[in-house]
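These values consider heavy atoms only, across backbone and side chains, with no hydrogens, waters or symmetry-generated copies.
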Amino acid sequence: MGGGVIGLAIGLELRIQDDRLRVLVIEQQQVGAGASWAAAGMLAPQAENISDPRLAELCQRSLQLYPDWIERVEERGQLPAGYWNCGILKPLSYPAENGLTRPQLDHLQPHLGSQITSAIWLPQEGQVDNRLLLPALKSAFLQAGGSLLENVSIQECPHNSQQLLGIETALGMLRAQSYICCLGAWSGQMALPVLMTVFPRKGQMIALQDPRQLLQHILFGEDIYLVPRRDGRLLVGATVEEVGFLPGNTAGAVQDLLAAAIRLFPPLRELTVLESWWGFRPTTPDRLPILGSSPLSNLWLATGHDRNGILLAPITADWLAGLVLGKPVDPLLEAFSWRRRLATASS
Ligand code: GLY
């Protein structure tokens, strides 16, 4: 359930690992209508400064898988997936021992704001253009023999104390041997207590046109990031708001994002605004994803990826496919189990 990057990646992996399996992805809107479309697509485990060492390791391991995973997606889907190992700069307003000096910075990325005296350079981090990844992944999944239902709303997920009994949809009741919940911020729709701990954290974003492609690396500042795309779009993100599923871009958020972005990269002042949008990160009380088994024996969980869903797609797909197929489990998976004290963690 869920046709975002996580659901499609797991579906593809299942088909690759066992082509006798019949795999159906059900999407309530269109593929990637949720956070997968709204995201900036940064592959940024270090830049994100993740405090939980288990999540930091998970993110690092997924980053290592990315080049091969992208190659598989592009080969099968016959579409470009927008991977760009562009490196990330974390600008600082004080000199840092392990950072680049301002002259070094000017050489690597000219036109930075005058308050920036140094920056941490993370050459191994980068991005994937999630709006290219989505169609590539969908095509790869279909080419691999997967089936997809789009625009089919899920009405109810009846279960007894042990098992999910089916998925009641607009098309009627759908039944399977195993189910995987990849509903992102909407996971609570399944009405299982563990999934009702997943909540939305809204992010607002803006895209500008940078025709001269002045920005060549991601700038990851405090509370703001700038992500240049290869096609000349320049993304500015993102707010982090706990306002439920409240839609819309607000004037204050747009103002704050642009002011911070212009401070970081002054040439941005002259660029044309192309678009603004918002999305809902699927967040858990402890900010860790929920991966693996569930209280129901035939339901698996792959949700709660919060800020790192695009980055975590390869490892989530590999692990979940392995679990469904009964393969040995990586010990790190235990850290993301539904059995941890989710409901009582501070949010
Ligand atoms: N991964 C960046 C964000 O969630 O805003």
Exercise for review: Please step through side chain to side chain contact (heavy atoms under 4.5 Å, CB included) for the pair Leu264 and Leu112, ending with a clear verdict.
Suggested key: CA-CA 6 Å; Leu264 213 51; Leu112 294 176; 6.0 Å; no
**Study point:** CA sep, side-chain torsions, deciding dist, call: Arg76, Leu12, side chain to side chain contact (heavy atoms under 4.5 Å, CB included)
**Key:** CA-CA 10 Å; Arg76 293 206 174 237; Leu12 173 62; 4.1 Å; yes
Exercise for review: Assess whether salt bridge (Lys or Arg N to Asp or Glu O under 4.0 Å) is satisfied between Asp231 and Arg229, documenting all intermediate values.
Suggested key: CA-CA 5 Å; Asp231 62 3; Arg229 293 291 199 224; over 6 Å; no
Practice item. Determine, stepwise, if the pair Leu214 / Phe265 fulfils side chain to side chain contact (heavy atoms under 4.5 Å, CB included). Key: CA-CA 10 Å; Leu214 293 172; Phe265 192 62; 3.8 Å; yes
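In this structure, the ring-ring contact (aromatic ring centres under 6.0 Å, His included) partners of Trp186, at least two apart in sequence or on a different chain, are Phe245. Here Gln104 pairs with Thr101 under the side-chain hydrogen bond (donor to acceptor under 3.5 Å, both in side chains) rule; sequence neighbours left out. Listed by chain and residue number, nothing satisfies the ring-ring contact (aromatic ring centres under 6.0 Å, His included) test with Trp338 (two or more places apart in sequence, or in another chain). Thr250 meets the side-chain hydrogen bond (donor to acceptor under 3.5 Å, both in side chains) test with Gln204; sequence neighbours excluded. Residues meeting the side-chain hydrogen bond (donor to acceptor under 3.5 Å, both in side chains) test with Arg102, sequence neighbours left out: Asp106.
Here the side chains of Leu79 and Leu132 are not in contact, with every heavy-atom distance at 4.5 Å or above. In this structure the side chain of Gln155 reaches within 4.5 angstrom of the side chain of Ser153, judged on heavy atoms. For the pair Ile116 and Leu92, the minimum side-chain heavy-atom distance is 4.5 Å or more. Using a 4.5 Å heavy-atom cutoff, the side chains of Arg201 and Arg287 are in contact. Using a 4.5 Å heavy-atom threshold, the side chains of Ile88 and Ile120 count as separate. The closest side-chain heavy-atom distance from Leu149 to Val25 is not below 4.5 Å. Contact check for Gln127 versus Ile218: side-chain heavy atoms found under the 4.5 Å cut-off. Counting heavy atoms from C-beta outward, Met190 and Met196 have side chains that stay 4.5 Å or more apart.
Side chain of Glu27 to main chain of Gln29: a donor-acceptor pair is present (N/O by atom type, distance under 3.5 Å, no hydrogens or angles). Counting only distance, with no hydrogens or angles, the side chain of Arg281 and the backbone of Ala35 share no donor-acceptor pair below 3.5 Å. Using modelled atom types, no side-chain atom of Thr239 and backbone atom of Glu241 make a donor-acceptor pair closer than 3.5 Å. Without hydrogens or angle criteria, Gln28 side chain to Ile154 main chain gives a donor-acceptor distance under 3.5 Å. Side-chain N or O atoms of Ser294 include one that pairs as donor or acceptor with a backbone N or O of Leu299 at under 3.5 Å. Proximity of a side-chain donor or acceptor of Glu125 to a complementary backbone N or O of Ala47 within less than 3.5 Å is detected. A donor-acceptor pair is defined here as one N or O able to donate and one able to accept, closer than 3.5 Å; such a pair exists between the side chain of Asp52 and the backbone of Leu55. Using a distance-only test at 3.5 Å, with no hydrogens or angles considered, a donor-acceptor pair links the side chain of Ser62 to the main chain of Ile315. Although no hydrogens or angles enter the test, the distance criterion places a donor-acceptor pair under 3.5 Å between the side chain of Arg340 and the main chain of Phe336. Distance alone, capped at 3.5 Å, places no donor-acceptor pair between the Ser118 side chain and the Pro95 backbone.
Between the side chains of Gln46 and Lys90, no donor-acceptor pair is found at a separation under 3.5 Å. Judged purely by distance below 3.5 Å, without hydrogens or angles, the side chains of Glu74 and Gln78 never pair a donor atom with an acceptor atom.
In this structure, Cys59 SG and Leu311 CG are separated by 4.5 Å, a value rounded to the nearest 0.5 Å. Rounded to the nearest 0.5 angstrom, Leu105 CG and His107 NE2 are separated by 11.5 Å. Between atom CG of residue Leu333 and atom CH2 of residue Trp319 there is a gap of 5.5 Å, rounded to the nearest 0.5 Å. Rounded to the nearest 0.5 angstrom, Ile10 CD1 and Ile6 CD1 are separated by 6.5 Å. A distance of 7.0 Å separates OG in Ser293 from CG in Leu301, rounded to the nearest 0.5 Å. Between the CG atom in Leu21 and the CG atom in Leu14 there is a gap of 6.0 Å [rounded to 0.5 Å].
Of all non-hydrogen atoms in Met205 and Ala38, the two that sit nearest each other are SD-O, 3.4 Å. Closest approach of Gly292 and Leu320 over heavy atoms only: N-CD2, 4.2 Å. Across all non-hydrogen atoms, the minimal contact from Ala335 to Leu288 is O-CD1, 3.9 Å. Listed here is the closest heavy atom pair of Thr303 and Gly184: OG1-O, 3.4 Å. Of all non-hydrogen atoms in Ala313 and Val5, the two that sit nearest each other are CB-CG1, 3.4 Å. In terms of heavy-atom proximity, Thr117 sits nearest to Ser93 at OG1-C, 3.2 Å.
Hydrophobic clustering (ILVMFWY, side-chain heavy atoms < 4.5 Å, transitive): Tyr66 and Phe220 are in one cluster. Leu63 and Ile50 fall within the same hydrophobic cluster, defined by Ile, Leu, Val, Met, Phe, Trp and Tyr side-chain heavy atoms under 4.5 Å apart, directly or through other members.
Classification of Arg131 and Glu275 as a salt-bridged pair holds, one side-chain N sitting under 4.0 Å from a carboxylate O. Salt bridge status for Arg61 with Asp330: present, with a side-chain N to carboxylate O gap under 4.0 Å. Under the 4.0 Å criterion applied to side-chain N and carboxylate O atoms, Asp210 and Arg233 are not assigned as salt-bridge partners. Here Glu150 pairs with Lys138 in a salt bridge; the nearest charged N to carboxylate O distance falls below 4.0 Å.
Heavy atoms from other residues, nucleotides or ligands lying under 6.0 Å from CD of Gln30 number 12 at most. Within 6.0 Å of the CD atom in Glu222, the count of heavy atoms belonging to other residues, nucleotides or ligands does not exceed 12. Annotation: Arg230, atom CZ; neighbour count of heavy atoms from other residues, nucleotides and ligands within 6.0 Å is above 12. Under a cut-off of 6.0 angstrom, the local environment of CZ in Arg72 is crowded, with over 12 non-hydrogen atoms contributed by other residues, nucleotides or ligands. Around CG of Asp223, the count of heavy atoms belonging to other residues, nucleotides or ligands within 6.0 Å does not exceed 12.
Between Trp121 and His217, the ring-plane angle classifies as perpendicular under the 30° and 60° cut-offs.
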Show me the donor-acceptor pairs within less than 3.5 Å that the side chains of residues 162-179 make with the rest of the protein, sequence neighbours left out.
unit_1, atom_1, unit_2, atom_2, d
Gln163, NE2, Ser297, OG, 3.4
Thr169, OG1, Leu171, N, 3.0
Thr169, OG1, Gly172, N, 3.3
Thr169, OG1, Gly172, O, 2.8
Arg175, NE, Leu165, O, 3.1
Tyr179, OH, Ala176, N, 2.9
Tyr179, OH, Ala176, O, 3.4

